[in-house]
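For reference, the structure discussed in these notes is given below.
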Amino acid sequence: MDVTSALLLGALAGLAVAVPVGPIGVLLLREGVVHGTRVAIGAGFGVATVDLLYATVAVAAGAPVGQVVARHEGVVRWVTAAVLVAVAVVALRGWWRERTGRDAVTVAVDVAAVRTAGAAAGAARPTSRVTTSAGPWLARATPGAAYVRFVGLTIVNPATLLIFATVAVGLAARLGADGSSVLVAGALFVVGAGVASAAWQTVLGVASGALGRAVGERGRSWASPVGAVVVLVLAAVVLVG
C-alpha cells in the first residue's frame, strides 16, 4: 500500500468520527460561541488528540477491540446516554450559576452607582468592590484548559469509541493487504486520522467563534442551555438506537 492510500484511509477514518454531529461537536460549537475561536481551537485539538489515540488502537488491536465493543453494544449505549446526561446537567448547572452570579454583580454595581450619585459632592469615598474568583484551572476559558477538558470529555464519551470500533477498525484492517509494511502503513493511517480530525475541529472552532461574535453577548448567554438541551436529545437518540 502506497503512502497516499494509507493517509487517505486514515483521513477517511478521522473524518468518519469527527464530521457527524454528536455531543462533543455540540459542546465544541458552544465553546467557540461562548469563549471565542482560540479556546474552541484548543478544545478541538483535545478532541483530535483522542481521535489520534483511538486510531492507534484501531491499528494495533483493532479486531479484538471491535469484537468486544460489538458484543457489549447495549451496555455502550446506556453508558453513552448516562455520560451525555451528566455532561448536559453539568453544563446547565454551570450556566445557571453563572447567570445568577452575573445578576448579583449587576445589582451590586447598580447599588454602588446609586450611592455614588447620592453622595455629597467633594470627598470621594470608595463604595463597594466586586471580587471574582478565578476558579479551578480546568474551568477557565483558556486554550490549554479547554484542551484538557475536551481530552477528558472525548475519552469518557463511549460514542467515539463505538464509531472507531466499527468504522476505523474496518478501514485499518485493509492496511498491508497488498503485502506492504503494516507498520509503515499503520503509522501513516494514524497520521491521516489525526490530521483530518484536527482540521475538521479547527473548522468548527473558527466557525463557532465567528458565530459568537455575530450573535453578541445576548446570543452567547443562551449558547450553554441550548447546547445542553441538544446533548440531552442526543442522549435520547442513543438510547432509542
Side-chain angles (χ1 to χ4, degrees), residues 11-55 80-95 98 135-164 167-168 192-217 219-238:
L12 183 60
L15 292 176
V17 177
V19 172
V21 177
I24 299 299
V26 172
L27 293 173
L28 177 59
L29 290 173
R30 176 260 177 198
E31 202 75 13
V33 171
V34 175
H35 299 305
T37 302
R38 291 178 64 253
V39 175
I41 291 177
F45 275 103
V47 178
T49 298
V50 178
D51 289 347
L52 184 71
L53 173 63
Y54 281 161
T80 300
V83 170
L84 295 184
V85 170
V87 169
V89 169
V90 170
L92 284 173
R93 181 185 177 189
W95 168 76
E98 181 181 350
W137 181 81
L138 276 179
R140 297 179 185 177
T142 64
Y147 173 87
V148 176
R149 279 201 309 273
F150 273 76
V151 165
L153 285 171
T154 309
I155 286 179
V156 301
N157 177 33
T160 304
L161 175 60
L162 182 61
I163 296 175
F164 255 110
V167 177
V195 170
S197 176
W200 178 253
Q201 311 302 341
T202 300
V203 169
L204 291 183
V206 172
S208 60
L211 178 60
R213 292 190 295 273
V215 299
E217 182 63 29
R220 288 193 294 271
S221 67
W222 287 101
S224 290
V226 170
V229 170
V230 173
V231 170
L232 287 175
V233 170
L234 290 174
V237 170
V238 168

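Values reported hereafter were calculated over all heavy atoms of this structure, with side chains retained and with hydrogens, waters and symmetry mates removed. In this chain, residues are counted from 1 in sequence order.
Scanning all heavy atoms of the two residues, the minimum distance from G194 to A48 falls at O-CB, 4.2 Å. Across all non-hydrogen atoms, the minimal contact from R140 to R149 is O-NH1, 3.0 Å. Nearest heavy atoms, Y54 versus T154: OH-O, 4.4 Å.
Note on residues 80-90: no pairs pass salt bridge (charged side-chain N to carboxylate O under 4.0 Å, His left out), not counting sequence neighbours.
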Show which side-chain atoms of residues 37-46 pair as donor or acceptor with protein atoms under 3.5 Å away, not counting sequence neighbours.
| unit_1 | atom_1 | unit_2 | atom_2 | d |
| --- | --- | --- | --- | --- |
| T37 | OG1 | R213 | NH1 | 3.3 |

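Taking the side-chain contact (heavy atoms from CB on, under 4.5 Å) definition, one finds that L153 meets it with I24, L27, V87, F150, sequence neighbours left out. V203 meets the side-chain contact (heavy atoms from CB on, under 4.5 Å) test with no other residue; sequence neighbours excluded. For V148, the side-chain contact (heavy atoms from CB on, under 4.5 Å) partners at least two apart in sequence or on another chain are W137, L138. L29 is linked by a side-chain contact (heavy atoms from CB on, under 4.5 Å) to L204, S208, counting only residues two or more places apart in sequence or in another chain. R93 is linked by a side chain to side chain donor-acceptor pair (under 3.5 Å) to nothing, counting only residues two or more places apart in sequence or in another chain.
Looking at heavy atoms from C-beta onward, L53 lies out of side-chain contact with T49 at the 4.5 angstrom threshold.
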